[in-house]
Amino acid sequence: MGDHAGYPSSAMVLTEGMAGLLGMTPLAITSSARPAHSLILACPQARVVRTRSISEVRAWTENPEQLYSAAERRGLVERGMLKLPAKYRVVLVLRDLEQLSTEETASALGLGIPAIKSRLCRARLMLREALAPHFAARAERIGL
Amino acid sequence: VITCEQFMADFGDYFEGEVAADLRREMESHLAHCRTCQVVCDSTSKTVRIVTDSGSFYLRPEAAQPLIAQIMARIRGSLES
């Protein structure tokens with residue numbers, strides 16, 4: 001993971017912690033009745049955010065690639081991508097699968113760069129959630 | 001110290017290494033103390049790694065179609081203009 005551009009090593013402390021799947025209930029960010037221990041996942045320009053209990057967050061295994069064969073991983077990725085709304089899936093395919101730049105993706109889709117960045121972030125987070133049941137460690141939930 | 005909300009609002013740019021130095025420091029400070037955001041960062045990074053390591057693969061028609069339709073519409077638009 002440290003290979004990813006811009007991803008700081010200080011953010012990688014948790015890996016062997018274990019952890020995982022999150023709830024999926026969309027809530028308005030203005031909710032004053034938000035649970036005491038909640039995490040709001042939002043991206044720039046996102047109008048809807050997701051709130052879920054911190055206790056539900058579980059880390060992934062250290063080397064998730066080792067859990068499945070390459071063919072199985074491709075199947076998981078494909079099924080996960082099918083769960084994404086098309087406008088997010090398209091950006092994910094062009095940026096992360098086809099390795100186009102943000103500018104190239106924006107040009108191909110006729111969208112602005114901020115929209116591409118926002119959709120890519122949302123798409124990655126949504127795919128993360130789709131894959132989490134398969135890659136989250138099975139024990140040691142995070143304590144509050 | 002920024003909150004999880006603030007952290008996630010800038011997460012996309014942070015993940016891409018596109019935040020200003022000051023904001024980056026604030027986000028890393030938050031990250032150092034927030035296991036939840038650490039998990040989100042870590043698992044998102046692994047997600048991207050898994051996707052990019054998948055390489056090119058056959059996309060079923062229902063997955064590929066929106067992409068093809070959008071790009072074709074774009075091409076048609078540029079031809080007409």
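Proteins get letters first, then strands, A, B, ... in listed order; numbering begins at 1 in each. Because the structure is a prediction, the values reported are computed rather than measured.
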Given the rule in the side chain to side chain contact (heavy atoms under 4.5 Å, CB included) test, do B/Ile50 and A/Leu127 qualify, once you have shown the distances and angles that lead to the verdict? CA-CA 11 Å; B/Ile50 288 166; A/Leu127 184 61; over 6 Å; no

Which heavy atom in A/Arg124 sits nearest to a heavy atom in B/Phe15, and how many Å separate them?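 Taking A/Arg124 first and B/Phe15 second, the nearest heavy atoms are NH1-CD2, 3.4 Å.
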
Considering all heavy atoms, the nearest B/Arg49-A/Asn63 contact: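 It is NH2-CA, 4.5 Å.
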
Tell me, for A/Leu131 versus chain B, whether the close heavy atoms (under 4.5 Å) come from the side chain, the backbone, both or neither.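 Just the side chain, heavy atoms under 4.5 Å.
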
Using heavy-atom distances under 4.5 Å, tell me whether A/Leu94 contacts chain B through its side chain, its backbone, both, or neither.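 Contact with chain B: side chain only.
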
Is there a path from A/Ile113 to A/Leu111 through hydrophobic residues (I, L, V, M, F, W, Y) whose side chains come within less than 4.5 Å of each other?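 No, no single cluster joins them.
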
How far apart are the C-alpha atoms of B/Thr44 and A/Arg128, what are their side-chain angles, what is the distance that settles it, and do they pass the side chain to side chain contact (heavy atoms under 4.5 Å, CB included) test? CA-CA 6 Å; B/Thr44 302; A/Arg128 188 204 76 83; 3.2 Å; yes

Side-chain contact, heavy-atom cut-off 4.5 Å: B/Glu16 with A/Thr102?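 They are not in contact (no side-chain heavy atoms under 4.5 Å apart), so the answer is no.
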
Please examine the side chains of B/Thr47 and A/Phe135, heavy atoms only from C-beta on, and report whether any two atoms are closer than 4.5 Å.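 The answer is no; the side chains never approach within 4.5 Å.
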
To the closest 0.5 Å, what do you measure between CG (B/Asp42) and CD (A/Glu62)?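 Reported value, rounded in 0.5 Å steps: 7.5 Å.
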
Are B/Phe11 and A/Cys121 close enough, and set up right, to give a side chain to side chain contact (heavy atoms under 4.5 Å, CB included), and what steps lead you there? CA-CA 8 Å; B/Phe11 177 64; A/Cys121 179; 4.0 Å; yes

